[in-house]
Amino acid sequence: MNAETHEIPNRFDFAASATEIYDSWLKHGCFNADVDKSKKPFTIVIPPPNVTGALHLGHALNNTLQDIQIRLHRMQGYVALWMPGTDHAGIATQAVVERRLKEVENKTRHDLGRDKLVERIWEWKEQYEKRILGQLQRMGCSCDWRRTRFTLDEMCAKAVRTTFFDLFSKGLIYRGKRLVNWDAYLQTAVSDDEVFTETVKGNFFHLRYPFDSPQPGEPTFVTVATTRPETMLGDTAVAVHPDPVAALDKHERLLQEKLQAATAKDQPAIQSQLDELAARKVEVLPQLVLLAQMARDGRKLRLPLTDREIPLVADVWAKPELGSGCVKITPAHDPNDYEVALRCSLPMINIMNPDGTINENGGSFVGLPMAKARLKIVEALDAIELLEKTEDREIELKHSDRSKTPIEPYLADQWFVRMEQLAQSAMDAVTNGDVKIFPPRYASGYLDWLGEKRDWPVGRQLWWGHQIPIWSRSFELPADAQSLKFKIEAMPELSVGLINVSIEEPSTVHVCIRSEDAGLETKLQSLGLVRQADVLDTWFSSALWPHSTLGWPEQTPELEYFYPTSTLITSRDIITLWVARMVLMGLNNMGKVPFQEVFIHPKILDGYGETMSKSKGNGVDPLDVINKFGPDALRFGLTWLCTETQDVRMPVQFECPHCEALVNQTKDNRSKPLVLCDKCKKSFSTQWAETESDKAQPKAPVVSERFEVARNFVNKLWNASRFVMMNLEGFQPTKVDFDNLPLEDQWILSRLATVTKTVQSEIKLFRYAEAARAVYDFAWDHFCSLYVEMAKPRLQDPVARQLVQQILAHCLDSMLRLLHPIMPFVTESIWQQLARFAPTRDLHSDTPPSQWVILAPWPAVHDEHIRPKVEKQFSHFVDILGAIREIRSRQNIGPKESLKFCVRCEPAMKQLLAPMATFIESMAGATATEWSTSPTAPSINAHIGIEQMDVYVDLTQFIDVAAEISRNEKLLSNLVKQIQGKEGRLNNESFVSRAPADIIEKERQALSELVSQRDAAEQAILKLKKL
RNA sequence: GGGCGAAUAGCUCAAUUGGUUAGAGCACCACGUUUACACCGUGGGGGUUAGGGGUUCGAGUCCCUUUUCGCCUACCA
């Protein structure tokens, strides 16, 4: 044993060494990726985390998977660039900072003003960016930090300006009055993607609108229903279907068809709809026909609570099969009504201020918040008997994802990007395979979303973001706008492509400036042009990420070399928001797709299948896991769980700060400020602790015991390495003759070659869990449990020692490389120590290995080492071992007692396995007395039937007859069951005639093997019963 | 309403194109400190693959259907 190795502790002290290792990598520039045309590039851009807050476990998974690819490819000789950075995350970040401002200082953004608020947000950004990058580094992420970008930094700003200018010049940017999802709390429009729907309890109000001057025989009023009565202040019409007879008939036909196709279970529901329809034809239809005629005659209604006259219009949006068949039209606050207004040339009346109160168009209700106005209006209508009835109803209500407040549909000026061509290009890229999505099923969502080709609203009424680079001026007369346009077109800046101009009908001039230019801006201002206040949607800048981070629009060498990037690894919820937009922007700006492959990884859910989030209290900070289990365990644990087919459930625990017991997190305790430890009965605080007394309790980290497997594996690897190093004294690199190695050496090299092949191919196919499993099984079962155990006696043998040292060192060396991408710290730590004991140890090369495992070449796959025959033979040995151990255990024979056994087998098998007797001795405590075709079995024995062999363990001194009988009986019943199955199959005429020959042959052989084992077991039982 | 996915041991997950007795880890039981590791070793118990049909010589795997759950998506006044 080597004295030096006594210094190696029996645990990997990650807390002490991880930072040191990481810093060395940094210091030696191991993460740096520089253009080198003699090598191939491999590039990943990080999905830039939002600077809204710290990273959670989902980020840890996302970034671990990226780092694995980067480290693997770096070892395989690519110039592996991992581009890091963060996202300014527009609304999300401004909302967080504004909320804090309100909480801490009770101020709004208007109290501070634009510049001051933006300053505050920058402070927040600095703080969280630092924290986020720190988290990534503690996870071991090997990003090229020299290149760290931020979506709001100057390089990105330049890309944004250039892109915006280009789209503007191509006529793909326009401003229009559109309905937007208005977040009255944040006072900004949010995109459809930032909206979620929630079912809330509400009411369904039936209102009566009287006709101005009804003729005899005509109805005096129409009834309309709504869940939002306050919008009536903005009504500009009531609609009825132009041809209710035809519409109802059509509806009936559709229902009939549906009835035909429906299952028996669904039919009654459809039938009752048909019955209702029939009744409606009698009761409501005549009235609707009359109303349609009145609409054509241009009859007017009097809008209650206002003195406005509104028309009854005929439009197909009104469905005769629903409600009263009439519908109120509020174009400025409902997307469908807006369409109706466009079709029928109706005025659009906005009744809301940006802060969500009723504006001057609301008559006596002015100044009231929408919700209050609703109550007042219902009251007022009821008072004049125009409220027909009120029903309770559940309503699907849109909410802003950022402020969690209800959305008000609202008509506003918005900037849009025309998506027709851009979307098509991004669809084509996936359809034609330029971008491949894994797993492939996610491609359909991508294509469906793009297929709608909805124009992209890119303006946000925020202060945090890239301000839209457009200066505008509106005129009364179109002619004035035209003359300003001519003036601008005559400017020299336009002819050299620094500015461009467009007209928004009827009389607004927009000028776009290509890049930051104070002089030019002053010049425009002197022409009366004013800059747009809005900033761009945060996804506008992240859409440029793959090329903007590489220097675009400059034609940098990096851009040329690293673009298109290789792989994008992200989560499924931003396939449309981010992935699709990167593809179309990449195609627009670069003419090439931004990446060749996209891998969508699973989501991490808590033990109840719910998504993790800080606001629920079930979130996990990767640093908590790292502190408890270490960075390698975090990474391996996540990799181990990253299967392709489904999301991962991860039960979460509090770690008691008093006794370190893990206390299950439940739906109940996860929202409490204090939790009692099950074990030590002391209480600890959680993220919710606010009062002084609660905060006085120590806070519990939130972790998951799912990481124990991985932590144990790290320890196993550490100790196996420790064992190898302890036994490397006197190590000399040794040339080996592969074809004449002992069976066990051939076997482990065959396993090693196989696992190397598996790991690299699985990682490249994004089958991370399979890769982790393959290398885990190899290291634990094959290397530790078998090979190392077999090495123990050989190391004592001066003749065998040198060879086994060489194989051990080689296997350890390879294992460290194989595991490095997943577990970088522990492998690097061992690598450094191994160098002291075995400076050169590669079986295939005399040159010393690299100083760092991170820079070591990936192990070559030696196909010639893969020997299925050897692995098969070796499995006989493992079978014998297992069988003897089982008997030992069943017979309750202590480990110190030595057993004897003999084996019946053919000479070839004997030749092969007899040398393994030493190992059976050392690993099962049993000595072979004979290997022959007809051995003399001990008088009292336990028989083990194995393929092509019979093993008889001498039990003369140990027999526990009852135990042995029960072992045999269990074996027998198992065998009988299998034999019945096989016989049944082989006696089945159609199986024999239809199944492939090789399957039948396999079954026959298996059957005869089973039968002979059954006979042996039966005889053994008979014999035992006589004792 | 539409679409996608999932349901396998107490728990978390596997299982190539359909082909022996459905596998791991954790947890559980028994035994055990033996030249690395108790974060360990050896052995064991534990499954009607959600229910019901079908195709097939053969189904966890393919088809139909029911149930439950998750995600995306939609205009029901």
Side-chain angles (χ1 to χ4, degrees), chain A residues 1 5 8 10-11 197 204 206 224-228 239 263 265 317-319 321-330 334-337 339 396 439 441-442 444-445 448-449 572-573 575-576 603 605 607 609-611 629 633 640-641 643 645-651 704-706 708-727 769-770 773 776-777 784-785 788-789 792 795-796 882 885-890 892-896 922-925 974-975 977-978 981-982 985 988-996 998-1000 1002-1003 1005-1007 1010:
Chain A
M1 196 175 289
T5 53
I8 304 177
N10 69 350
R11 299 277 160 86
T197 52
F204 196 45
H206 298 255
V224 291
T226 179
T227 55
R228 302 173 66 217
T263 55
K265 195 190 138 209
W317 166 239
K319 305 287 179 219
E321 68 272 16
L322 291 173
S324 67
C326 298
V327 58
K328 67 196 263 310
I329 302 297
T330 323
D334 180 283
N336 296 300
D337 294 1
E339 297 295 322
E396 296 284 313
R441 71 187 123 95
Y442 289 114
S444 69
D448 288 351
W449 185 81
R572 80 171 93 88
D573 36 8
I575 295 175
T576 51
K603 291 190 77 139
L605 311 172
E610 297 181 19
T611 51
F629 297 108
W640 179 261
L641 292 173
T643 56
T645 48
Q646 47 186 314
D647 292 341
V648 182
R649 283 189 188 208
M650 183 173 284
S704 173
E705 63 191 0
R706 289 274 154 254
E708 282 178 4
V709 181
R711 189 263 322 264
N712 296 351
F713 182 52
V714 170
N715 186 244
K716 189 74 181 175
L717 179 72
W718 178 262
N719 277 291
S721 310
R722 189 161 157 255
F723 172 84
V724 171
M725 290 187 280
M726 280 175 170
N727 286 287
E770 282 77 3
R773 256 159 248 267
Y776 178 95
D777 290 346
C784 292
S785 297
V788 163
E789 290 307 318
K792 285 175 182 172
L795 284 164
Q796 303 303 313
R885 283 167 168 177
E886 188 189 339
I887 287 165
R888 182 182 275 287
S889 175
R890 296 258 186 208
N892 210 9
I893 302 169
K896 299 239 165 87
S922 68
M923 295 167 75
N974 204 344
L975 288 166
K977 214 160 69 188
Q978 284 182 64
K982 296 249 184 283
R985 208 164 303 152
N988 184 337
E989 180 49 38
S990 43
F991 173 69
V992 180
S993 59
R994 298 195 201 199
D998 58 320
I999 297 283
I1000 297 173
K1002 240 162 90 184
E1003 289 287 296
Q1005 276 185 15
L1007 179 61
L1010 287 168

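So that the names make sense, note that chain A is the first sequence line, chain B the second, and so on, each numbered from 1.
- Contact annotation: side chain of Glu789(A) to base of A36(B), donor-acceptor pair present below 3.5 Å.
- Side-chain to base pairing of Gln978(A) with U21(B): one donor and one acceptor N or O lie within less than 3.5 Å of each other.
- Side-chain N/O atoms of Arg711(A) and base N/O atoms of C39(B) include a donor-acceptor pair closer than 3.5 Å.
- Remark: G10(B) base-pairs with C26(B); criterion is Watson-Crick or G-U wobble with both hydrogen-bond distances under 3.5 Å.
- When each of Lys792(A) and Asp448(A) is assigned the nucleotide of RNA chain B bearing its nearest heavy atom, the one mapping closer to the 5' terminus is Asp448(A).
- A donor-acceptor pair under 3.5 Å is formed between the side chain of Ser721(A) and the backbone N or O of Leu717(A).
- In terms of heavy atoms, Cys784(A) sits closest to Lys716(A) at CB-CE, 3.7 Å.
- When rounded to the nearest whole Å, the span between CD of Glu705(A) and C1' of A27(B) equals 9 Å.
- U12(B) and C76(B) are spaced 35 Å apart, taking the P atom of each and rounding to whole Å.
- Between atom CZ of residue Arg649(A) and atom CZ of residue Arg706(A) there is a gap of 11.5 Å, rounded to the nearest 0.5 Å.
- Judged by distance alone, with hydrogens and angles left aside, the side-chain atoms of Arg11(A) form no donor-acceptor pair with the main-chain N or O of Asn715(A) at under 3.5 Å.
- Within 3.5 Å, a donor on the side chain of Lys716(A) pairs with an acceptor on the base of C37(B), or the reverse.
- Contact annotation for Lys977(A): no contact, since no heavy-atom pair falls under 4.0 Å across all strands.
- Spacing between atom NZ of Lys603(A) and atom C1' of C71(B) amounts to 8 Å, rounded to whole angstrom units.
- G18(B) makes up no base pair with any nucleotide shown, lacking Watson-Crick or G-U wobble contacts both under 3.5 Å.
- Listed candidates were C39(B), G25(B), U12(B). Nearest to the side chain of Arg649(A) is U12(B).
- Between A22(B) and U65(B), the two C1' atoms lie 25 Å apart (nearest whole Å).
- Base pairing analysis places G41(B) opposite C31(B); the two distances defining the Watson-Crick or G-U wobble pair are each below 3.5 Å.
- Heavy atoms only, all atoms of each residue included: Arg985(A) and Phe991(A) are closest at O-CD2, 3.2 Å.
- Val327(A) approaches Val224(A) most closely through the heavy-atom pair C-CG1, 3.9 Å.
- U20(B) atom P lies 8 Å from atom CZ of Arg985(A), rounded to whole Å.
- Between Lys328(A) and Asp337(A), the shortest heavy-atom contact is O-OD2, 3.3 Å.
- For the P atoms, the distance linking A74(B) with A14(B) amounts to 30 Å, nearest Å.
- Rounded to whole Å, the distance from CG on Asp573(A) to P on C4(B) is 20 Å.
- Nucleotides G23(B) and G45(B) place their P atoms 13 Å apart, quoted to the nearest Å.
- Comparing G19(B), U21(B), G25(B) against the side chain of Tyr776(A) picks out G25(B) as the nearest.
- When both distances must be under 3.5 Å, the Watson-Crick or G-U wobble mate of C69(B) is G5(B).
- Salt bridge present: Glu789(A) and Lys792(A) bring a charged side-chain N and a carboxylate O closer than 4.0 Å.
- Only the C1' atoms considered, A30(B) is 41 Å distant from U67(B), to the nearest whole Å.
- In this model, the phosphate group of A30(B) is not approached by any side-chain N or O of Arg888(A) to a distance below 4.0 Å at OP1 or OP2.
- Of the listed nucleotides (C75(B), G19(B), A36(B)), G19(B) has the atom at the smallest distance from the side chain of Phe991(A).
- The distance from atom CZ of Arg572(A) to atom C1' of C4(B) is 10 Å, rounded to the nearest whole Å.
- Spacing between atom CG of Asn715(A) and atom P of A38(B) amounts to 7 Å, rounded to whole angstrom units.
- Nucleic acid contact class of Glu708(A) (heavy atoms, under 4.0 Å, all strands): none.
- Counting any heavy atom pair closer than 4.0 Å across all strands shown, Ala318(A) reaches a base atom.
- Proximity of Asn727(A) to the phosphate of U35(B): no side-chain N or O atom is located under 4.0 Å from OP1 or OP2.
- Of the listed nucleotides (A36(B), A14(B), C71(B)), A14(B) has the atom at the smallest distance from the side chain of Glu770(A).
- Within the 3.5 Å criterion, the main-chain N or O of Gly925(A) finds a donor-acceptor partner in the side chain of Arg888(A).
- The separation of A7(B) from U49(B), taken at their P atoms, amounts to 14 Å, rounded to a whole angstrom.
- Checking Lys1002(A) against Val224(A), the closest nucleotide of RNA chain B that is more toward the 5' end is the one next to Lys1002(A).
- Nucleic acid contact for Trp718(A): none, since no nucleic acid atom lies under 4.0 Å from a heavy atom of the residue.
- At distances below 3.5 Å, not a single donor-acceptor pair connects side-chain atoms of Arg711(A) with backbone N or O atoms of Glu705(A).
- With A36(B), C75(B), U12(B) as the choices, the nucleotide that has an atom nearest any side-chain atom of Arg706(A) turns out to be U12(B).
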Could you list all N or O pairs between the protein and nucleotides 43-46 of chain B that sit under 3.5 Å apart?
unit_1 : atom_1 : unit_2    : atom_2 : d
G43(B) : O2'    : Ser889(A) : OG     : 3.3
G45(B) : OP1    : Lys970(A) : NZ     : 2.2

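- Atoms OH (Tyr442(A)) and P (U73(B)) sit 14 Å apart, rounded to a whole Å.
- Using Watson-Crick or G-U wobble geometry with both donor-acceptor distances under 3.5 Å, A36(B) finds no partner in any strand shown.
- Following rounding to the nearest Å, Leu605(A) (CG) and A7(B) (C1') show an atom-to-atom distance of 14 Å.
- Residues Gly325(A) and Ala318(A) come closest through the heavy atom pair O-CB, 3.7 Å.
- G19(B) sits 11 Å from A59(B) when the P atoms are compared, rounded to a whole Å.
- Close to U21(B), at under 4.0 Å from its OP1 or OP2, lies a side-chain N or O of Lys982(A).
- The side chain of Thr643(A) approaches A14(B) more closely than any other nucleotide in the set C75(B), A14(B), U20(B).
- Considering only the side chain of Arg441(A), G5(B) comes nearest among G5(B), C37(B), G19(B).
- Of the C1' atoms belonging to C28(B) and A9(B), the separation is 12 Å, rounded to the nearest Å.
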